[in-house]
Structure formats: structure tokens, C-alpha cells
Amino acid sequence: MIIDGKKTSQDILEELSEQIKKHQGSRAPCLAYILVGEYEASHLYVKRKVQACERVGINVKGNVFEESVCQKQILELIHGLNLDPTVDGILVQMPLPSHINAQQIVEAVSPQKDVDGFHPFNIGRLLLGYTPFFVPCTPLGIHELLMRSNIQVSHKNVVIMGRSNIVGKPLAALLMQKTSQTNATVTVVHSHTSNLEEITLNADVLITAMGSPELVKAHMVKKGAIVIDVGINRLHGKLVGDVDFKNVEPQASQITPVPGGVGPMTIAMLLSNTLKSYQMKAQLT
Ligand code: NAD
């Protein structure tokens with residue numbers, strides 16, 4: 001069975017839109033983005049995020065810089081956005097050019113406007129099991145997709161392929177939280193794991209986030225496993241995931257497609273985090 005991330009994300013956008021309509025009369029929620037350089041994929045991702053914001057009624061403030069921008073200019077902008085009471089969320093589209101210190105940029109964003117959930121304050125709280133202001137969008141989107149598909153991870157072996165700071169690590173932290181909706185037994189594998197297949201074959205839920213086109217073959221997947229493919233790769237001009245979908249689908253009980261799986265959920269969670277930030281502020285004033 002296919003897990004339809006596109007449909008689920010559209011349901012979420014509808015729900016967000018309804019919630020935002022209830023705030024009519026006060027200002028709309030606002031997401032400010034920072035986009036640097038000409039990297040085509042980044043422009044495409046930002047365009048999709050902006051379109052989704054417009055659809056649900058979130059205002060967008062765009063800040064586009066040329067590749068040659070210096071660290072100080074971006075930091076000054078972030079400091080201004082942190083102080084701007086009309087801005088609820090700040091998104092810095094990654095990757096940044098190599099002359100920019102990305103870690104310093106991420107740490108400059110106020111944890112209370114860090115709707116990407118990348119600030120060490122939020123990541124640290126997630127890891128410690130304290131409530132962060134925001135959970136990173138892709139892990140949050142995967143969890144939401146699992147819940148809305150009635151898939152429980154408690155008591156299950158979840159294997160995550162990839163240990164990046166934006167997907168693998170926070171996803172592992174999220175799914176092992178002590179809550180009835182999580183409580184998973186999590187194993188993380190990566191490019192230096194030697195007995196990969198032995199571990200993936202033990203997965204009740206296999207989540208791939210490697211950026212290796214169609215690396216996961218049918219013989220690596222347990223019969224009846226749930227497969228969540230985070231990878232977005234170009235192969236022979238086509239968009240594919242990390243999973244060899246055609247051959248793995250018959251082996252899996254449920255599986256996400258690429259495109260139309262985790263990707264749209266990531267965008268929906270960015271909007272959800274922005275609304276959450278807006279609502280947190282409304283409670284303070
Ligand atoms: P990354 O390059 O930062 O990390 C990749 C991880 O995969 C590393 O930990 C590496 O050790 C591991 N890895 C690579 N090859 C491996 C192999 N052969 N065996 C085992 N482990 C291996 O990547 P990232 O930023 O986490 O992104 C991963 C993929 O997910 C990319 O295709 C990216 O485009 C996609 N992505 C999708 C979304 C979405 O919303 N769907 C969001 C973020 C990333």
C-alpha cells in the first residue's frame with residue numbers, strides 16, 4: 001500500500017488554513033526566508049514553500065542575496081528579523097556558499113523563530129526529551145505521516161539510514177522519545193556501517209535518508225516492513241528516492257513514493273511550525 005504524503009500534506013494545509021482564518025482581524029502569521037546564491041534546487045524549494053504559505057494565508061518576507069554576500073550582512077539581517085514583532089519564523093535555505101559559516105548563521109536565529117528546528121537549543125531540548133520550541137520539519141513530517149497513517153512505532157524496530165543533522169539524528173531522537181506516539185527502538189546506520197543488510201532486514205520500519213539513488217533493494221527489506229523514503233535524487237533525468245521503489249514495493253506492507261511522500265510533509269511542517277510560533281506569541285501578548 002502506498003502512503004500518500006501529498007494527500008496528507010494537503011489535508012494539513014487545509015487545517016492550517018482554517019486555523020489561520022480564525023485569527024482574522026489581527027495580523028497574519030509571517031515567515032521570513034533568506035536565500036543566497038543561484039543554486040537551482042534551493043530556488044525551487046523556496047518557491048514551493050512560498051506557494052504553500054500563500055495557499056494557507058501565511059505572509060512571506062523574502063530576502064535574496066547574491067552568492068558574494070558576506071557573513072556580516074546575513075547576521076545583521078537575522079538580528080533585525082529576530083527583533084521584528086511581525087516576523088514569526090525565519091528560514092535560512094541551505095546549503096549556504098562555502099565562505100559563509102552556516103553554523104554561526106543557524107545559531108544567530110532566535111530559537112523562538114527557528115521554524116526549521118535546527119538551532120542547538122531546539123535540537124538539544126529534543127534530545128533531552130524536553131519540549132523544544134520547534135522540531136525539524138522533515139523528522140516532524142515523517143512522524144506526522146506515520147501517525148496519520150495509523151502506524152505506531154512503539155515496540156517496533158525502526159532503522160534509520162543516514163545520520164545527518166537535519167534528518168537522521170533528529171529523527172532518531174524524536175522516535176525514541178518516551179511517549180505513546182514514539183517509544184521506538186531505533187538503530188541508525190550510515191556510510192561507515194559494515195553489516196548494513198543484516199540491520200535493515202531487522203527493521204519493522206525502514207527510513208532512508210542517504211541521498212543514494214535506489215540503493216535500498218528488495219533483498220535488504222523484511223517482508224511486510226514499512227518503508228519511508230526521504231531521499232530525493234536525480235537518476236537519468238528522473239526524480240527517485242533512496243529506495244528501488246519498483247522492486248521494494250511488493251516486499252513492503254506500506255511505502256512512501258518519491259515524489260509525493262515525505263517531501264510535501266516537510267513543507268507542511270514548516271508552515272505548521274510558523275503558525276505555532278505565531279500562536280506562541282499571541283499567548284504572550
Ligand atoms: P546528508 O548528505 O547530510 O547525509 C547523508 C547520510 O547518509 C550520511 O549520514 C551518510 O553517512 C549516509 N549515507 C550515505 N550513503 C550511505 C550508504 N551507502 N549507506 C549507509 N549510509 C549512507 O544528507 P541529508 O541532508 O540528510 O539528505 C539525505 C537525502 O534526503 C537527500 O537525498 C536529500 O535530498 C533528501 N532530503 C529530503 C527531504 C524531504 O523533505 N523529502 C528533506 C531533507 C533531505
Side-chain angles (χ1 to χ4, degrees), residues 2-10 12-13 39-49 51-52 91-96 98 102-103 106 115-118 123 134-146 158-175 186-203 206-217 219-221 227-235 238-245 248 255-273:
I2 307 278
I3 300 175
D4 190 343
K6 193 169 173 194
K7 163 82 177 66
T8 306
S9 72
Q10 281 168 354
I12 294 170
L13 294 197
Y39 185 49
E40 207 183 313
S42 292
H43 280 260
L44 183 64
Y45 289 142
V46 167
K47 189 174 157 196
R48 289 205 185 123
K49 291 168 189 175
Q51 283 170 342
L91 158 79
V92 184
Q93 184 62 44
M94 299 290 172
L96 292 168
S98 55
Q103 189 186 339
V106 167
V115 286
D116 255 336
F118 295 159
I123 292 283
F134 307 104
V135 173
C137 301
T138 303
L140 189 61
I142 292 167
H143 184 238
E144 191 68 29
L145 190 57
L146 290 171
V158 175
V159 174
I160 300 171
M161 305 183 80
R163 57 174 168 184
S164 73
N165 288 340
I166 63 166
V167 188
K169 279 191 223 166
L171 181 61
L174 178 63
L175 296 185
V186 180
T187 307
V188 179
V189 300
H190 49 78
S191 49
H192 289 69
T193 303
S194 39
N195 51 342
L196 204 66
E197 288 171 24
E198 204 179 293
I199 299 170
T200 61
L201 273 171
N202 195 32
L206 182 63
I207 307 178
T208 63
M210 295 173 289
S212 299
E214 298 183 344
L215 179 126
V216 176
K217 305 290 179 196
H219 72 273
M220 298 166 72
V221 179
V227 179
I228 307 291
D229 191 351
V230 185
I232 303 176
N233 314 288
R234 281 224 167 263
L235 186 67
K238 227 181 101 196
L239 220 53
V240 299
D242 289 346
V243 175
D244 175 7
F245 185 87
V248 171
I255 185 166
T256 60
V258 177
V262 174
M265 291 300 293
T266 298
I267 296 181
M269 291 303 105
L270 174 71
L271 275 49
S272 171
N273 277 347

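Along the sequence shown, residues carry numbers from 1. Both counts, for ligands and for their atoms, begin at 1 and track the order of listing.
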Gly168: heavy atom below 4.0 Å from ligand 1, yes or no?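 Heavy atoms of Gly168 never come under 4.0 Å of ligand 1.
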Could you check whether any heavy atom of Ile166 sits closer than 4.0 Å to an atom of ligand 1, since that is the contact criterion I want to use? yes
Counting each atom of ligand 1 from 1 as listed, which ones have a heavy atom of [X] under 4.0 Å away?
{"X": "His190", "answer": "11 (O), 20 (C), 21 (N), 22 (C)"}
{"X": "Asn233", "answer": "32 (O)"}
{"X": "Leu215", "answer": "18 (N)"}
{"X": "Thr266", "answer": "39 (C), 40 (O)"}
{"X": "Ala209", "answer": "5 (C), 6 (C), 7 (O), 28 (C)"}

Give the residue, atom name and distance (to 0.1 Å) of the protein heavy atom nearest [atom].
{"atom": "atom 2 (O) of ligand 1", "answer": "Met210 O, 4.5 Å"}
{"atom": "atom 12 (C) of ligand 1", "answer": "Gly162 CA, 3.8 Å"}
{"atom": "atom 9 (O) of ligand 1", "answer": "Arg163 N, 2.8 Å"}
{"atom": "atom 43 (C) of ligand 1", "answer": "Val167 CG2, 3.8 Å"}
{"atom": "atom 32 (O) of ligand 1", "answer": "Ile232 N, 3.0 Å"}
{"atom": "atom 31 (C) of ligand 1", "answer": "Gly211 CA, 3.6 Å"}
{"atom": "atom 10 (C) of ligand 1", "answer": "Ser191 OG, 3.9 Å"}

Could you go through the side chain to side chain contact (heavy atoms under 4.5 Å, CB included) check for Val115 and Leu270 one step at a time? CA-CA 6 Å; Val115 286; Leu270 174 71; 3.8 Å; yes
Flag, side chain of [X] to backbone of [Y], donor-acceptor distance under 3.5 Å:
{"X": "Thr138", "Y": "Val167", "result": "no"}
{"X": "Asn273", "Y": "Phe134", "result": "no"}
{"X": "Asp4", "Y": "Lys7", "result": "yes"}
{"X": "Ser272", "Y": "Ala268", "result": "no"}

Heavy atom under 4.0 Å from ligand 1: found in [X]'s side chain, backbone, both, or neither?
{"X": "Asn165", "value": "neither"}
{"X": "Thr138", "value": "side chain"}
{"X": "Ser212", "value": "side chain"}

Going by atom types only, do Asp229 and Thr208 share a side-chain donor-acceptor pair under 3.5 Å? yes
Ile12 and Met265: side chain to side chain contact (heavy atoms under 4.5 Å, CB included), yes or no, with the steps? CA-CA 9 Å; Ile12 294 170; Met265 291 300 293; 3.6 Å; yes
Is there any N or O on Ser164 that sits under 3.5 Å from an N or O of ligand 1?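 Yes.
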Does an N or O anywhere in Val230 fall below 3.5 Å from an N or O of ligand 1?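 Yes: some nitrogen or oxygen of Val230 is under 3.5 Å from one in ligand 1.
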Side chain to side chain contact (heavy atoms under 4.5 Å, CB included) assessment of Ser212 paired with Asn233: CA-CA 7 Å; Ser212 299; Asn233 314 288; 6.0 Å; no
What distance separates His143 NE2 from Ile228 CD1, expressed to the nearest 0.5 Å?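 Going from the NE2 atom of His143 to the CD1 atom of Ile228 covers 11.5 Å.
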How long is the straight-line distance from CD1 of Ile267 back to CZ of Arg48, given to the nearest 0.5 Å?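 Arg48 CZ to Ile267 CD1: 6.5 Å, rounded to 0.5 Å.
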Does the pair Val135 and Met269 meet the rule for a side chain to side chain contact (heavy atoms under 4.5 Å, CB included), with working shown? CA-CA 9 Å; Val135 173; Met269 291 303 105; over 6 Å; no
Looking at atom 18 (N) of ligand 1, would you say a protein heavy atom lies below 4.0 Å from it? yes
Where do Ala52 and Leu13 come nearest, in terms of heavy atoms and distance? CB-CD1, 4.4 Å
